[in-house]
Amino acid sequence: MPLIENNVDLQPYNTFGLPGRASRLVRVRSEDDVRSAIAHPELGRMPRFILGGGSNVMLTGDVDALVVKVEVPGLKLVETREDEWIVEAGAGESWHGLVEWTLARGLPGLENLAFIPGTVGAAPVQNIGAYGLELSERFESLDAVELASGLTRTLDREECRFGYRDSIFKGDAAGSFLITRVRLRLPRPWRPLLGYPDLSTLKEQGATPSVAPTEVFDRVCTVRRAKLPDPAVLGNAGSFFKNPVICARQFSALIEREPAIVHYPLPGGDYKLAAGWLIEACGWKGRNMGRAGVHDRQALVLVNRGGASGRAVMDLAAAIQQSVFERFAIRLEPEPTVF
Ligand code: EPU
């Protein structure tokens, strides 16, 4: 049976640095650890709260549940196919550590997703994405323990039902699985993805194939460092809201009133808007409400100015949602999971 801790301070375990205590916390390093925890006569009956790197959670108070901290280790190349490599990582590994590990072994393909905080196991839950690449495009399959039965199941890409910052683990299967291992496919030959505006200057420096994966990696890390606050210095959970998607009719009415609005046409005819732009346009960039604030270089990121409670962050988020709704008639949806 893995070690169980009582009355654990969760502040060091969430990148927002929000206060909250767990009545019970168990660290799991294998599928068998998970099975022992859920078969435990007392703990097995408690509600569960699965915690990875705590980089996409909003704690609004104490957690009266069994916190299962996923610490499954391991990084390996499991298969070499003619057109791709398959790597497998334990859910408890750091996502950025995995990206570095693949590049150091000459297995590129994840560099656009460099420097994203959090663990490997959390990456499929919200289908992490950045700089023109989403995890789902590199996803092969994952292993997860089904908590009701204790059985290990393997889910492929289709079964995970990935969407924009979304998957089955946030929808129908929320709370049903604990992800233990993730397998990713890295296409051969490697081709750089430089379509995102922040990376396009790499293209101008030379012919595209001459760009090395490590140059893309370095550029992504530089851009993220410049725009996004370091959670070790200023607590945050990355983008606080999703970029909203609206239909063509709503968009054409909106662009007439707000011609400067940043927008991206989507293949089906809908439009995605930059939530950071909407929030900045409402005057929130750099502003504080109590100890919670809006980052001064990226309005989509809410920050803990030191000593903020989860409630303070939620109040700020609600005030922002109201301003954006009043001006643009758009409802912003939070990205982190709120507990
Ligand atoms: N913008 C503003 N003001 C702001 C912020 C952004 O006008 O304060 C404008 C920018 O000028 C740009 C556009 O909005 O025209 C997009 O900005 P940016 O490139 O910074 O990306 P984003 O849409 O704000 C998304 C992801 C990030 C990801 C970046 C890069 C979401 C919710 N966020 O942000 O993901 O790193 O693209 O790909 O999709 C995260 O999910 O936690 C996250 C950081």
Side-chain angles (χ1 to χ4, degrees), residues 14-16 52-58 95-96 99 110-119 122-138 162-167 170 193-202 216-217 219-231 234-246 258-266 270-287 293-303 313 317 320-321 323-324 327-328 330-338:
N14 74 96
T15 60
F16 238 126
S55 62
N56 209 45
V57 293
M58 260 290 311
W95 173 264
H96 180 69
V99 176
L110 299 178
E111 54 288 335
N112 292 52
L113 301 178
F115 220 59
I116 296 181
T119 53
V125 175
Q126 63 149 341
N127 186 20
I128 58 170
Y131 306 102
L133 181 66
E134 277 188 354
L135 176 90
S136 54
E137 296 165 72
R138 296 285 182 263
F162 291 117
Y164 166 57
R165 293 296 189 278
D166 199 26
S167 72
K170 284 180 98 173
L193 289 178
L194 305 176
Y196 201 84
D198 283 330
L199 305 185
S200 60
T201 51
L202 281 175
V216 181
F217 172 87
R219 176 62 58 93
V220 168
C221 292
T222 305
V223 173
R224 286 189 79 94
R225 275 197 193 95
K227 284 191 181 177
L228 301 169
D230 176 355
L234 196 59
N236 74 91
S239 300
F240 194 89
F241 299 103
K242 293 185 192 182
N243 283 328
V245 174
I246 59 173
E258 304 273 359
I261 210 160
V262 175
H263 60 276
Y264 315 95
L266 297 177
D270 290 342
Y271 287 82
K272 187 182 269 191
L273 306 179
W277 187 92
L278 303 176
I279 297 167
E280 182 174 354
C282 292
W284 282 103
K285 198 172 191 170
R287 270 178 64 188
V294 180
H295 190 46
D296 50 8
R297 275 172 281 156
Q298 171 39 300
L300 197 45
V301 178
L302 303 193
V303 296
V313 178
I320 293 171
Q321 281 170 311
S323 306
V324 169
R327 173 155 168 195
F328 300 105
I330 285 170
R331 284 189 200 285
L332 292 182
E333 198 189 317
E335 196 197 75
T337 308
V338 180

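Every heavy atom of this structure was used, including side-chain atoms; hydrogens, water molecules and symmetry mates were not. Read the numbers this way: they start at 1 and go in the same order the structure lists the ligands and their atoms.
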Using a strict 4.0 Å cut-off to heavy atoms of [X], name the atoms of ligand 1 that fall inside it.
X: Tyr164; answer: 31 (C), 32 (C), 39 (O)
X: Ala130; answer: 36 (O), 38 (O)
X: Arg224; answer: 36 (O), 44 (C)
X: Leu300; answer: 24 (O), 32 (C)
X: Phe241; answer: 32 (C)
X: Gly238; answer: 42 (O)
X: Glu335; answer: 32 (C), 40 (C), 41 (O), 42 (O)

[X] side chain vs [Y] backbone, donor-acceptor pair below 3.5 Å:
X: Ser167; Y: Phe162; answer: no
X: Trp95; Y: Leu113; answer: yes
X: Arg219; Y: Ser200; answer: no
X: Gln298; Y: Leu300; answer: yes
X: Arg138; Y: Leu110; answer: no
X: Asn243; Y: Ala275; answer: yes
X: Thr15; Y: Asn236; answer: yes
X: Asn112; Y: Leu193; answer: yes

Inset, instruction - Would you check the N or O atoms of Arg297, main chain and side chain alike, for any that come under 3.5 Å of an N or O of ligand 1? - result: no
Inset, instruction - Answer with yes or no whether Arg165 contacts ligand 1, where contact means a heavy atom under 4.0 Å from a ligand atom. - result: yes
Inset, instruction - Determine whether any heavy atom of His295 lies closer than 4.0 Å to an atom of ligand 1. - result: no
For [atom], find the nearest protein heavy atom and state the residue, atom name and distance (0.1 Å precision).
atom: atom 33 (N) of ligand 1; value: Ser239 OG, 2.9 Å
atom: atom 8 (O) of ligand 1; value: Ala299 N, 2.8 Å
atom: atom 1 (N) of ligand 1; value: Trp277 N, 3.8 Å
atom: atom 14 (O) of ligand 1; value: Ala274 CB, 3.2 Å
atom: atom 20 (O) of ligand 1; value: Gln298 NE2, 2.9 Å
atom: atom 23 (O) of ligand 1; value: Asn243 ND2, 2.9 Å
atom: atom 15 (O) of ligand 1; value: Val262 CG1, 3.6 Å

Distance (rounded to the nearest 0.5 Å) between [X] [atom1] and [Y] [atom2]:
X: Leu302; Y: Ile279; atom1: CG; atom2: CD1; answer: 7.0 Å
X: Tyr164; Y: Ser136; atom1: OH; atom2: OG; answer: 12.5 Å
X: Ile128; Y: Arg165; atom1: CD1; atom2: CZ; answer: 8.0 Å

Select one of side chain, backbone, both or neither to describe which atoms of [X] lie under 4.0 Å from any atom of ligand 1, heavy atoms only.
X: Tyr196; value: side chain
X: Glu280; value: side chain
X: Tyr264; value: side chain

Inset, instruction - Measure up the His96 and Phe217 rings against each other and bin them: parallel (under 30°), tilted (30 to 60°), perpendicular (over 60°). - result: parallel
Inset, instruction - Look up atom 37 (O) of ligand 1 and tell me if a protein heavy atom lies less than 4.0 Å from it? - result: yes
Legend entry - Minimum heavy-atom distance Ala130-Arg224, with the two atoms named: CB-NH1, 3.7 Å
